[in-house]
Amino acid sequence: MTLTAAAVAALLVASAQAPLAVADSPTNESIELASEQLVEGRSASAITSLERSVEAAPEDPALLINLGIAHAQNGDTETARAMFQRALVSPDVIELETADGNAVDSRRLARKAIRMLEAGEFTTRLSRRD
């Protein structure tokens, strides 16, 4: 099933320290995506918010990607990888609008997040314990 939406994945690039994508959840607009928290580097509060949202929508790739990013920022690469993998195999494929205006499907973004994780490209300098 393919859903088209402006979904959020505040994927942070270590070199640019800027989000690649930001938007709303296609499955439930009331679900908290914690994009602002991720951009500000407040990974601990993002994890708390996102875990609640993932309970409500366990296959939402935007939520899973953001939760993976939060864990990566927090230094928990194993959990981050697990979240990115879940987004990769989610039955919902969502089109994400990136900050530069490009559209990227959620599986492609999940694969990119895994590559970034493997390359150590997620910044922890912006992360703070909150």
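Just so you know, these numbers come straight off a predicted model, no measurement behind them. If you read the sequence from its start, that first residue is 1, and numbering goes on from there.
- Expressed to the nearest 0.5 Å, how far CD of E118 lies from OG1 of T77 amounts to 10.0 Å.
- Looking at every heavy atom in both residues, R42 comes nearest to S45 through O-OG, 3.2 Å.
- When side chains are defined from C-beta on, I114 counts as touching L88, because their heavy atoms get closer than 4.5 Å.
- The line from CG of D105 to CG of D92 is 12.5 Å long, rounded to the nearest 0.5 Å.
- Looking at R86 and P58, their side chains come closer than 4.5 Å, going by heavy atoms from C-beta outward.
- Side-chain contact between F84 and L64 is absent, with no heavy atoms from C-beta onward closer than 4.5 Å.
- I47 and A70 get closest at one heavy-atom pair: CG1-CB, 3.5 Å.
- Here the OG atom belonging to S90 is positioned 12.5 Å from the CD atom belonging to Q85, to the nearest 0.5 angstrom.
- Interatomic distance, CD of E59 versus CD1 of I94, reported as 10.5 Å (0.5 Å rounding).
- In this structure, CG in D60 is found 11.0 Å from CG in L67, a value given to the nearest 0.5 Å.
- Shown here for L38 and A46, the closest heavy-atom pair between the two residues is CD2-CB, 3.8 Å.
- Across all their heavy atoms, A72 and A80 have their closest contact at N-CB, 3.6 Å.
- Contact between R107 and V93 at its shortest, heavy atoms only, is CZ-CG2, 3.4 Å.
- Interatomic distance, NE2 of H71 versus CG of L50, reported as 8.5 Å (0.5 Å rounding).
- Side-chain contact between R81 and E78 is absent, with no heavy-atom pair separated by less than 4.5 Å.
- The shortest heavy-atom contact between N74 and S43 is OD1-OG, 3.1 Å.
- Of the possible donor and acceptor atoms, none in the side chain of T79 sits under 3.5 Å from a partner among the backbone N and O of D76.
- A donor-acceptor contact shorter than 3.5 Å is absent between the side chain of Q73 and the backbone of F122.
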